Colleague: 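One structure, pasted below without further comment.
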Amino acid sequence: MTVSQYYTESAGSNRIRLVIIVPLYKHSGLVWEALATSLHQKDTSDFAIVLIKDGCPLSSTQATGLAFANINSTIPIRYFRQKNKGLSGARNTGVKIALQEFPDLEALYFLDADNRLSDVSVRNMLKALDQYPAVDWFY
């Protein structure tokens, strides 16, 4: 896999059970809100965020990805760049990275730049994992 990576280590030492994968291609204005909703989850920090810049030609997309990768957060944020592979290709890269980076990973959630999470979304997903251990991903 040929990707460039930038990331922050989490300030905490929580076991990562869920990874939110966010493909980045244009929409850098919208992704700020999507990522902000990801970082403002209540009652949990057992998750990480993987950002994949999928060959986007806009410098604002790079700036957004780097800004979030360098944020001081208890939530681990990984930022990777790759040549354009389309939405599925970006998500697949995110899955590969998540599996490599977080050995205790139990589930994935794909978040697009124009979507938002409620402040209890991750908590509810983790509760569902506890109740239904065979679950692997959420939509």
Side-chain angles (χ1 to χ4, degrees):
M1 177 179 354
T2 304
V3 293
S4 299
Q5 66 181 14
Y6 306 87
Y7 60 86
T8 57
E9 292 297 327
S10 75
S13 59
N14 294 333
R15 182 176 136 230
I16 301 303
R17 298 178 61 203
L18 174 78
V19 172
I20 298 171
I21 297 171
V22 185
L24 301 176
Y25 188 87
K26 300 188 179 178
H27 303 297
S28 56
L30 294 174
V31 78
W32 280 95
E33 193 172 342
L35 291 172
T37 65
S38 299
L39 291 173
H40 290 96
Q41 295 296 303
K42 289 185 178 178
D43 306 324
T44 188
S45 59
D46 299 355
F47 71 100
I49 301 169
V50 172
L51 308 170
I52 305 295
K53 179 184 176 223
D54 190 42
C56 180
L58 302 179
S59 60
S60 58
T61 302
Q62 175 79 0
T64 299
L66 287 173
F68 273 93
N70 290 308
I71 204 166
N72 185 13
S73 172
T74 58
I75 306 302
I77 301 170
R78 306 291 195 262
Y79 171 62
F80 296 83
R81 296 181 308 164
Q82 68 180 16
K83 291 183 180 179
N84 185 269
K85 295 182 180 180
L87 181 59
S88 295
R91 287 178 175 165
N92 287 339
T93 297
V95 170
K96 289 176 189 174
I97 289 166
L99 291 171
Q100 291 171 358
E101 295 276 318
F102 305 105
D104 294 328
L105 178 63
E106 296 176 40
L108 303 166
Y109 180 77
F110 300 117
L111 179 67
D112 292 334
D114 60 346
N115 295 135
R116 311 290 175 267
L117 295 174
S118 79
D119 59 357
V120 294
S121 292
V122 171
R123 181 181 69 192
N124 290 341
M125 287 183 234
L126 293 175
K127 282 183 180 179
L129 280 175
D130 292 337
Q131 190 172 1
Y132 305 100
V135 169
D136 292 45
W137 56 277
F138 296 94
Y139 66 94

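The structure displayed is predicted, hence computed values, not measured ones.
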Colleague: Is it true that a side-chain atom of Asp119 and a backbone atom of Lys42 form a donor plus acceptor pair closer than 3.5 Å?
Modeller: no

Colleague: Taking NZ, NE, NH1 and NH2 as the nitrogens, is one of them in Asp43 or Lys127 under 4.0 Å from a carboxylate oxygen of the other?
Modeller: no

Colleague: Do Ile20 and Leu30 share a hydrophobic cluster, counting only Ile, Leu, Val, Met, Phe, Trp and Tyr and linking them when any side-chain heavy atoms are less than 4.5 Å apart?
Modeller: no

Colleague: Once rounded to the nearest 0.5 Å, what's the spacing between atom CG of Asp114 and atom CZ of Arg116?
Modeller: 7.0 Å

Colleague: My understanding is that only one of Leu87, Val22, Ile21 makes a side-chain contact (heavy atoms from CB on, under 4.5 Å) with Phe110; could you say which?
Modeller: Ile21

Colleague: Is the backbone N or O of Leu111 less than 3.5 Å from a side-chain atom of Asn115, with the two atoms forming a donor-acceptor pair by type?
Modeller: no

Colleague: I need the minimum non-hydrogen distance between Arg123 and Thr44, along with the two atoms involved.
Modeller: N-CG2, 4.0 Å

Colleague: What distance separates Leu51 CG from Arg78 CZ, expressed to the nearest 0.5 Å?
Modeller: 11.0 Å

Colleague: Of all the heavy-atom pairs spanning Gln82 and Ala90, show the shortest one and how long it is.
Modeller: NE2-CA, 3.6 Å

Colleague: Measuring only between side-chain heavy atoms, which start at C-beta, is Tyr109 closer than 4.5 Å to Ser121?
Modeller: no

Colleague: If hydrophobic clusters are built from ILVMFWY residues whose side chains come within less than 4.5 Å, do Leu24 and Ile71 share one?
Modeller: yes

Colleague: Could I get the full list of side-chain contact (heavy atoms from CB on, under 4.5 Å) partners for Asp104, not counting sequence neighbours?
Modeller: Arg15

Colleague: Verify salt bridge (Lys or Arg N to Asp or Glu O under 4.0 Å) between Asp112 and Arg91, making sure each step is shown before the conclusion.
Modeller: CA-CA 10 Å; Asp112 292 334; Arg91 287 178 175 165; 3.0 Å; yes

Colleague: About how many Å separate CG of Asn84 and NZ of Lys53, when rounded to the nearest 0.5 Å?
Modeller: 10.5 Å

Colleague: So which heavy atom on Ile75 is nearest to which on Ala48, and how close?
Modeller: CG2-CA, 4.1 Å

Colleague: Mind checking the CD-OG spacing from Gln62 to Ser28? Nearest 0.5 Å is all I need.
Modeller: 11.5 Å

Colleague: Could you see if Tyr25 belongs to whatever hydrophobic cluster contains Ile97? Use Ile, Leu, Val, Met, Phe, Trp, Tyr and a side-chain cutoff under 4.5 Å.
Modeller: no

Colleague: Just by modelled atom types, is the Ser118 backbone N or O under 3.5 Å from a matching donor or acceptor in the Gln41 side chain?
Modeller: yes

Colleague: Taking Phe47 as the starting point, is it possible to reach Val120 by hopping between hydrophobic residues whose side chains are less than 4.5 Å apart?
Modeller: no

Colleague: Thr93 and Lys85: which non-hydrogen atoms are nearest, and at how many Å?
Modeller: OG1-NZ, 4.2 Å

Colleague: CG/Leu35 to OG1/Thr64 distance, rounded to the nearest 0.5 angstrom?
Modeller: 8.5 Å

Colleague: In terms of hydrophobic clustering (I, L, V, M, F, W, Y; side-chain heavy atoms under 4.5 Å; direct or indirect links), are Leu99 and Phe80 co-clustered?
Modeller: yes

Colleague: Look up atom OG in Ser45 and atom CG in Leu39, then write down how far apart they are to the nearest 0.5 Å.
Modeller: 11.5 Å

Colleague: Please examine the side chains of Glu101 and Val50, heavy atoms only from C-beta on, and report whether any two atoms are closer than 4.5 Å.
Modeller: no

Colleague: Output all residues satisfying side chain to side chain donor-acceptor pair (under 3.5 Å) with Thr61, sequence neighbours left out; order by chain, then residue number.
Modeller: none

Colleague: Compare all side-chain heavy atoms of Leu18 with those of Asp46 and state whether any distance is below 4.5 angstrom.
Modeller: no

Colleague: Heavy atoms only: give me the nearest Asp54-Gly86 pair and the separation to one decimal.
Modeller: OD2-N, 2.9 Å

